[in-house]
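Notes for the one structure printed next.
Predicted model, so just to flag it, every value in this text is computed and none were measured.
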Amino acid sequence: MGALKSLEDQLAPLFKDLPELPKGFKDALVQYWPYIALALGVLQLLAAIGLFGLVTAASAVITYAGYVTGTGYTGLGLIAAYAGIALLVVDAVIFFMAFSPLTKKLKRGWDLLFLSTIINLVYGVSQAFIGYRGVGSVLSSLVGTAIGLYLLFLIRDCYAVKSAKKA
């Protein structure tokens with residue numbers, strides 16, 4: 001997590017001077033963020049399960065069509081699809097892991113949300129090149145990440161670093 005902390009320290013000044021949202025919104029965000037993370041984890045897990053079924057079925061059809069037409073099938077798109085599904089599962093696990101620390105307002109929960117945001121950014125940018133999704137995919141990924149980081153850095157000071165327990 002050292003690299004993550006370094007990235008956090010580099011990004012913090014970018015969000016420091018942005019306008020604050022009303023205190024009530026900030027408090028509500030801190031209060032409901034654990035449940036939002038839990039819901040996102042469930043949704044990502046359900047999406048991964050559904051996509052796994054779709055990709056598996058599509059792969060069978062595409063492989064058969066390539067066999068019948070003699071065009072062949074390289075499978076790079078299939079590898080990218082399964083890698084994306086695996087990343088959805090990893091991201092869902094991160095959201096589940098963040099739930100408990102977020103309810104206790106521990107910095108570890110915030111760190112896990114930050115990690116999830118960075119993973120989603122890397123995934124979004126990589127899919128533009130691997131999945132041939134193009135510039136629109138990269139731009140929407142960048143905008144979504146910027147909004148997510150803004151909200152995260154807006155509430156970062158509400159999460160405490162866990163202190164060492166007394167013996």
Side-chain angles (χ1 to χ4, degrees), residues 1-52 54 80-131 133-167:
M1 284 267 201
L4 196 62
K5 177 66 176 145
S6 174
L7 181 60
E8 176 188 339
D9 292 340
Q10 291 174 1
L11 289 175
L14 298 175
F15 295 94
K16 177 179 68 165
D17 296 329
L18 292 178
E20 289 277 328
L21 292 175
K23 183 165 174 33
F25 178 82
K26 187 175 176 178
D27 293 341
L29 191 58
V30 170
Q31 180 182 356
Y32 294 114
W33 203 281
Y35 306 103
I36 293 169
L38 190 63
L40 288 173
V42 169
L43 289 174
Q44 284 191 322
L45 202 54
L46 290 173
I49 292 168
L51 286 173
F52 181 80
L54 288 173
Y82 281 123
I85 291 168
L87 204 54
L88 275 174
V89 171
V90 168
D91 209 27
V93 169
I94 291 171
F95 278 128
F96 293 142
M97 289 172 53
F99 177 76
S100 180
L102 286 172
T103 58
K104 298 172 186 168
K105 295 187 177 133
L106 298 176
K107 179 76 165 50
R108 173 148 173 73
W110 187 95
D111 289 341
L112 288 167
L113 291 179
F114 182 66
L115 174 63
S116 175
T117 304
I118 300 305
I119 287 172
N120 280 308
L121 173 64
V122 170
Y123 171 75
V125 171
S126 68
Q127 285 301 300
F129 301 105
I130 296 171
R133 291 195 177 136
V135 176
S137 175
V138 173
L139 289 177
S140 63
S141 181
L142 291 173
V143 168
T145 300
I147 292 169
L149 288 173
Y150 170 67
L151 292 174
L152 279 175
F153 279 98
L154 179 73
I155 62 169
R156 183 173 76 153
D157 60 338
C158 298
Y159 294 93
V161 176
K162 187 177 181 181
S163 60
K165 291 182 180 180
K166 294 182 180 179

Quick check for you: to the nearest 0.5 Å, what is the distance between Leu112 atom CG and Phe96 atom CZ? 13.0 Å
If we only count heavy atoms from C-beta on, is the Leu4 to Phe114 side-chain gap below 4.5 Å? yes
What's the spacing between Leu106 CG and Asp111 CG if we round to 0.5 Å? 10.0 Å
Quick one: closest heavy-atom pair of Lys26 and Cys158, and the distance? CE-SG, 3.8 Å
Mark yes or no for whether Ser6, through its side chain, and Gly2, through its backbone, hold a donor-acceptor pair below 3.5 Å. no
Atom CG in Leu152, atom CG in Leu113: separation rounded to 0.5 Å? 5.5 Å
Between Trp33 and Phe99, ring centroids under 6.0 Å: no
Can you check whether Ser116's main-chain N or O pairs, donor with acceptor, with Asn120's side chain at less than 3.5 Å? yes
Could you measure the distance from the CZ atom of Phe153 to the NZ atom of Lys16? Nearest 0.5 Å is fine. 12.5 Å
What are the two closest heavy atoms between Gly109 and Ala98, and how far apart are they? O-CB, 4.0 Å
Take a 6.0 Å sphere around OH of Tyr35 and say whether it holds more than 12 heavy atoms from other residues, nucleotides or ligands. no
Residue pair Asp157, Lys107: steps toward the salt bridge (charged side-chain N to carboxylate O under 4.0 Å, His left out) verdict: CA-CA 9 Å; Asp157 60 338; Lys107 179 76 165 50; over 6 Å; no
